[in-house]
A.B. asks: 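Please find one structure pasted underneath; my questions will follow.
Note on naming: letters A, B, ... go to the chains in the order of the sequence lines (proteins, then strands), and numbering restarts at 1 for each one. All values derive from a computational prediction rather than experimental measurement.
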Amino acid sequence: MAEDLKAEIKRMLVENLMLQVTADEIGDDRPLFGPESLGLDSVDALQIVVALDKNFGLKIPDAAVAKGVLQSVVTMAAAVAAHRLGSPS
Amino acid sequence: MNKRVILITGGNGGLGQAIARFFLGKSTDDVVCLGVRERRDHVDALASEFPGRVVVVTLDVTSPDAWTAAVTEINRLHGRLDVLVNNAGSHEDSLLAIMPPSSWDRVLGTNLDSVFHGCQAVLPTMISQRHGRIVNISSLSALYSPAGQANYAAAKAGVIGLTQSLAKEVARIGITVNAICPGYIDTEAVAGMKPEEKSAAAMRVPMRRFGKPAEVAAAVHFLACSDAAYITGSALKIDGGLL
């Protein structure tokens, strides 16, 4: 998976969510929510959904899809990459 | 950037017109989009008076699809949407015991469902901008519900609940959500009152007069300005001291 895409997503997270960490400090597989995570909440999730659409044209149609895509930087990058290839995310 | 794009529903009514005029008069940069379902005589006149600064948008506020289309069109024209004023509404007063269910549904639809659909339609744009102002026109009836207005009072109280909940959801994103609760205001809503009813009502108001639409518009304008950035989730009554 392209490293630059993951880096771009990390920058998007830091900028949109005003995180107190740098993009480099976010691990690719680190969970966004729950224990040992970045500590995000549902309002952050809403902002990520809007940002993914704005920055990558990736539309998250419902909560079930969101739950799968918004696991980590890796899952978001996979969804964006799949979207770019025109396949279902 | 000083330009702001403001969407006001119920744009053809007395209060909608007053709010639009207030924004247009206060800043020459503001562009006002007026949502109307059918009647357009007043909005067309305003568009002629302020060429290039008034956009008339066809909008049935009870239809999510109509909201999506309207917001898409505003974004296409102006690339942003800074302020939403949910002003459209209607009332069909009746004692609850004989109130037709259709009347309940219509009043809840135009006064409460409309606010839900409107907020949902503009939020992606405002979240993306990380800035937005939503002002919902509730009513004094939400705080002190008179007999004969169960549908209207319930809808307007619902608007305050929605306002307070949404305000908490989007506070950190730079979006404020507030409600205004007008009492007796000199608009078409009270035009149907008989003169003696109007006098009696005015006597119950400590200021002994009805409010002017511009006095409500001034509060809407303030809640939409940058100086009001720390005010969110509030329900401001404008009633001459009635309640």
A.B. asks: Which distance, rounded to the nearest 0.5 Å, do you find between the CE of M76(A) and the CG of L32(A)?
C.D. replies: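 Answer for the CE-CG pair, M76(A) versus L32(A), is 4.5 Å.
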A.B. asks: Mind checking which of residues 45-53 of chain A sit less than 4.5 Å from chain B, heavy atom to heavy atom?
C.D. replies: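 The list, in residue order, reads L46(A), Q47(A), V50(A).
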A.B. asks: Under 3.5 Å, side-chain donor or acceptor atoms of residues 58-72 of chain B against the rest of the protein: list the pairs with distances, not counting sequence neighbours.
C.D. replies:
from: D60(B); atom 1: OD1; to: T62(B); atom 2: N; distance (Å): 3.0
from: D60(B); atom 1: OD1; to: T62(B); atom 2: OG1; distance (Å): 2.7
from: D60(B); atom 1: OD2; to: T62(B); atom 2: OG1; distance (Å): 3.4
from: S63(B); atom 1: OG; to: D65(B); atom 2: N; distance (Å): 3.4
from: S63(B); atom 1: OG; to: A66(B); atom 2: N; distance (Å): 3.0
from: W67(B); atom 1: NE1; to: V61(B); atom 2: O; distance (Å): 2.9
from: T68(B); atom 1: OG1; to: P64(B); atom 2: O; distance (Å): 3.1
from: T72(B); atom 1: OG1; to: T68(B); atom 2: O; distance (Å): 2.7

A.B. asks: If you look only at distance, which donor and acceptor atoms sit under 3.5 Å apart when one is on a side chain in residues 215-223 of chain B and the other is two or more places apart or in another chain?
C.D. replies:
from: E215(B); atom 1: OE1; to: R209(B); atom 2: NH1; distance (Å): 3.1
from: E215(B); atom 1: OE1; to: K212(B); atom 2: N; distance (Å): 2.8
from: E215(B); atom 1: OE2; to: R209(B); atom 2: NH2; distance (Å): 2.9

A.B. asks: Backbone N or O of G39(A) within a donor-acceptor pair of the S37(A) side chain at under 3.5 Å?
C.D. replies: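 Pair found, side chain donor or acceptor close to backbone of G39(A).
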A.B. asks: What residue among E73(B), R4(B), K3(B) forms side-chain hydrogen bond (donor to acceptor under 3.5 Å, both in side chains) with H78(B)?
C.D. replies: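 Among the candidates, only K3(B) passes.
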A.B. asks: Kindly say whether P31(A) contributes a backbone atom to a donor-acceptor pair with the side chain of Q71(A) at under 3.5 angstrom?
C.D. replies: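 It does not hold such a pair.
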A.B. asks: Is there a donor-acceptor contact under 3.5 Å linking the side chains of S128(B) and K54(A)?
C.D. replies: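 Yes, side-chain donor-acceptor contact under 3.5 Å.
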A.B. asks: Any sub-3.5 Å donor-acceptor pair from Q20(A)'s side-chain atoms to M18(A)'s backbone N or O?
C.D. replies: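 Judged by distance alone, yes, a pair lies under 3.5 Å.
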A.B. asks: Sort by residue number and list every member of residues 169-182 of chain B having a non-hydrogen atom under 4.5 Å from chain A.
C.D. replies: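 Listed by number, the contacting residues are E169(B), R172(B), I173(B).
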A.B. asks: Does R130(B) CZ have over 12 foreign heavy atoms under 6.0 Å away?
C.D. replies: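 Counting other residues, nucleotides and ligands, CZ of R130(B) exceeds 12 neighbours.
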